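The structure presented is a predicted model; accordingly, all values stated were derived computationally and were not measured. Residue numbering restarts at 1 for every chain, and letters A, B, ... go by the order of the sequence lines. Just so it is clear, the values below take in all heavy atoms, side chains as well, and ignore hydrogens, waters and symmetry mates.
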Amino acid sequence: MASFPLETIRHSVSHVMACAVQELFPETKFDIGPSTADGFYYDFDMEARLSPEDLEKIETVMARIASEDHAFEYFELTREEAEKLLGEKGQQYKLERLKDIPSGEKISFYKSGGFTDLCRGPHVEKTSQVGAFKLLSVAGSYFRGKEDNPMLQRIYGTAFPSKKELDAYLKQLEEAKKRDHRKLGRELDLFSSADQVGPGLILWHPKGAFIRNTFETFWKEEHYKNGYELVNTPHIGRSDLWHTSGHLDFYKDAMYSPMDIDGNDYFVKPMNCPFHIQIYKTKLRSYRELPLRWAELGTVYRYEKSGVLHGLLRVRGFTQDDAHIICTPEQIESEISEVLQFSLSMWKAFGFKDVKPYLATRPEKSVGEESRWTQALESLRKAVEKAGLECEVDEGGGAFYGPKIDLKVRDAIGREWQTTTIQFDFNLPERFDMTYIGEDGQKHRPYMVHRALLGSIERFFGILVEHYAGAFPVWLCPEQLRILPITEKQHDAACAYLKALKSKGIRAEMDLRSETVGSRIKDARNDRIPYIAVIGEREASVGTAAIRSRREGQIGELDSWGLAEKIVSDIDNKI
RNA sequence: GCCAGCUUAGCUCAGUGGUAGAGCAGUUGAUUUGUAAUCAACCGGUCAUCGGUUCAAGUCCGAUAGCUGGCUCCA
């Protein structure tokens with residue numbers, strides 16, 4: 001049997017699906033059915049509202065169509081013939097799509113079984129070659145993705161050459177589900193949100209807050225080590241600030257309504273930069289002071305549409321690990337390079353080794369001198385090169401105020417997350433008239449770079465939970481060790497062991513419940529405790545504990561000194 | 001915001017229009033345990049909220065809120 005590219009298989013399956021849908025719902029109007037990174041979809045317009053049961057029915061019909069082994073027949077029509085064919089069938093979306101095909105290009109159709117579709121192809125030869133497929137979900141989707149267009153129904157599915165590969169993919173979906181930070185966040189008692197507080201606003205429970213504080217402390221230390229200074233700024237600022245910054249012109253929809261204080265409008269901050277700029281402007285700055293690197297874990301609030309909120313990954317109140325670098329033109333190249341290196345080392349500390357940069361260049365509508373864009377872009381490019389990374393370029397994908405590099409990191413189960421962003425800003429220095437006095441005694445406009453390494457603390461925490469599957473490395477664990485005395489007779493020995501570990505700075509707890517050892521082990525494992533120390537009569541008599549490690553399993557008996565040494569070594573190595 | 005679905009105990013979930021349930025968790029007691037669940041009793045509910053239909057609503061209808069999957073958006 002001939003082998004086909006995955007996209008061809010998936011796109012062919014989408015035709016088979018459309019064919020099945022046409023059979024079950026003859027009045028259906030069809031849009032398009034492309035393959036995607038994970039599978040395929042097809043958009044339909046129909047009276048009936050598709051349910052999960054419908055997906056099963058569609059799948060059954062699909063299986064039949066596949067087994068009937070229809071050929072994918074290719075034919076071309078003139079534009080007039082195509083219009084006539086689609087018009088007769090009342091396929092208004094297809095007619096719209098037909099208009100997209102430039103004149104002079106071939107207008108091709110594929111027919112397989114009872115379904116004929118305007119389609120570029122390519123396809124497998126016969127419906128029996130579509131491999132193993134599964135329909136996954138149904139969702140609404142605007143025609144052409146535009147909000148004012150009609151809402152179509154989209155069926156998502158996936159397909160692979162073999163059943164084995166399909167099963168492996170479905171298993172990965174299961175694995176992702178098990179790691180879902182919303183589920184683990186509840187089970188491990190890390191965070192929640194409350195209807196009464198409001199959607200998209202996160203409540204950090206003691207354990208979640210402990211982990212957050214621990215990596216925030218690390219973050220702060222690393223920033224000091226890397227030549228940053230920390231600043232703190234308020235949560236609200238007067239409307240004048242946001243007028244000057246331009247936020248009220250460009251992003252008002254995402255900002256919350258103002259509050260009146262003594263007759264002045266104040267807005268909750270959607271960004272930290274205007275405040276940092278105010279610090280800059282408190283005095284005349286000399287080139288000798290630059291570069292300035294000011295970092296802040298600054299909590300901002302942005303209006304997000306209700307439908308997009310998602311656990312910790314998309315919220316309305318979040319903390320940016322923000323920093324602004326203000327420097328001279330001569331400094332930007334090394335500054336950018338340092339930021340990139342800093343980011344890579346930060347991600348490495350959390351066990352993310354696969355990091356990929358995306359460079360976004362000048363869009364059509366933008367501000368700033370051409371020479372600045374060129375220099376900025378060049379510095380971004382060189383930094384990537386110097387780091388020895390492969391970089392994808394998004395032409396015209398930059399913000400209107402400057403070019404940027406975004407980093408995507410790959411987690412433990414291979415998913416990519418967009419996190420770090422390094423952005424030039426040619427807009428705010430102008431708007432706030434930021435200057436420094438150069439060597440020549442004249443005023444100059446500094447370069448300004450916004451950067452966030454982790455992105456937002458909330459989102460980063462969500463990513464971490466899924467990356468580690470809830471099993472945080474020892475340095476982040478609120479509880480690093482749980483001590484289980486087998487019976488009440490070992491309580492004193494367990495207390496002594498606990499005290500010894502605690503005195504060495506280990507975060508240890510005891511489970512003195514009169515449950516069986518097996519039951520308490522189960523609970524400790526479910527709580528993802530990295531070390532469990534069991535103390536029975538034997539261990540108590542010699543002052544040791546039987547140690548079970550989350551990573552290595554049973555590792556034998558250790559006294560408190562030996563265990564502390566092992567745990568400290570894990571902490572130092574961020575294991 | 002839009003489309004669809006969902007919302008029953010802290011959690012996971014049963015429940016023909018006719019007396020609100022189970023397991024786990026929690027509390028109490030018994031048990032003194034050797035590496036993933038000891039036993040028992042008890043506690044726990046305005047069935048998301050509000051309104052409607054009905055002799056009767058967890059169940060049918062409507063509105064609102066929240067959640068889920070997408071779409072759009074993400075400075």
Verify the ring-centre separation between A:Phe267 and A:Tyr256: is it less than 6.0 angstrom? no
A:Phe44-A:Tyr42 aromatic ring centre distance below 6.0 Å: yes
When you measure from every atom of RNA chain B, which of [range] have a heavy atom less than 4.0 Å away?
| range | result |
| --- | --- |
| residues 35-59 of chain A | A:Arg49 |
| residues 246-259 of chain A | A:His247, A:Tyr251, A:Ala254 |
| residues 536-545 of chain A | A:Gly536, A:Glu537, A:Arg538, A:Glu539 |

Result block: side-chain N/O donor-acceptor pairs under 3.5 angstrom for residues 482-489 of chain A, not counting sequence neighbours:
residue: A:Arg482; atom: NE; partner: A:Glu479; partner atom: OE2; Å: 2.8
residue: A:Arg482; atom: NH1; partner: A:Asp527; partner atom: OD2; Å: 3.4
residue: A:Arg482; atom: NH2; partner: A:Glu479; partner atom: OE1; Å: 3.0
residue: A:Arg482; atom: NH2; partner: A:Glu479; partner atom: OE2; Å: 3.4
residue: A:Arg482; atom: NH2; partner: A:Asp527; partner atom: OD2; Å: 3.1
residue: A:Thr487; atom: OG1; partner: A:Lys489; partner atom: N; Å: 3.1
residue: A:Thr487; atom: OG1; partner: A:Gln490; partner atom: OE1; Å: 3.1

Checking ring-ring contact (aromatic ring centres under 6.0 Å, His included) against A:Phe460, which of A:Phe318, A:Phe352, A:Trp347 comes through? A:Trp347
Want to know the stems of RNA chain B: at least 3 consecutive Watson-Crick or G-U pairs with distances under 3.5 Å, which are they? B:1-7 with B:65-71, B:10-13 with B:21-24, B:26-30 with B:38-42, B:48-52 with B:60-64
When you compare the side chains of A:Asp425 and A:Tyr447, does any donor N or O come within less than 3.5 Å of an acceptor on the partner? no
Any side-chain donor paired with an acceptor under 3.5 Å for A:Thr233 and A:His276? no
Residues forming a side chain to side chain donor-acceptor pair (under 3.5 Å) with A:Ser519, sequence neighbours excluded: none
Qualifying residues under side chain to side chain donor-acceptor pair (under 3.5 Å), relative to A:Tyr93, sequence neighbours excluded: A:Asp45
How would you label the contact of A:Tyr156 with the nucleic acid (heavy atoms, under 4.0 Å): base, sugar-phosphate, or nothing? sugar-phosphate
Categorize A:Gly145 for me: base, sugar-phosphate, or nothing, with a 4.0 angstrom heavy-atom threshold over every strand shown. sugar-phosphate
Name each donor-acceptor pair under 3.5 Å that joins a side chain in residues 48-59 of chain A to protein atoms two or more places apart or in another chain, with its distance.
residue: A:Ser51; atom: OG; partner: A:Glu53; partner atom: N; Å: 3.4
residue: A:Ser51; atom: OG; partner: A:Glu53; partner atom: OE1; Å: 3.3
residue: A:Ser51; atom: OG; partner: A:Asp54; partner atom: N; Å: 3.3
residue: A:Ser51; atom: OG; partner: A:Asp54; partner atom: OD2; Å: 3.2
residue: A:Asp54; atom: OD2; partner: A:Ser51; partner atom: N; Å: 2.9
residue: A:Glu59; atom: OE2; partner: A:Leu135; partner atom: N; Å: 2.7

With A:Arg314, which residues qualify under salt bridge (Lys or Arg N to Asp or Glu O under 4.0 Å), at least two apart? A:Glu304
Listed partners of A:Asp240 passing salt bridge (Lys or Arg N to Asp or Glu O under 4.0 Å), at least two apart: none
According to the interplanar angle, ranging from 0 to 90°, do the rings of A:Phe250 and A:Phe400 count as parallel (below 30°), tilted (30 to 60°) or perpendicular (above 60°)? tilted
Select from A:Tyr401 and A:Gly307 the residue whose nearest nucleotide in RNA chain B is closer to the 5' end of that strand. A:Gly307
A:Tyr358 six-ring face occupied by A:Lys408 cation (under 6.0 Å, within 45°): yes
Reading RNA chain B 5' to 3', which nucleotide is the first, and which the last, to come under 4.0 Å of any heavy atom in chain A? B:rG1 to B:rA75
Which residues satisfy the side chain to side chain contact (heavy atoms under 4.5 Å, CB included) test with A:Asn149, sequence neighbours excluded? A:Phe143, A:Arg144, A:Lys146
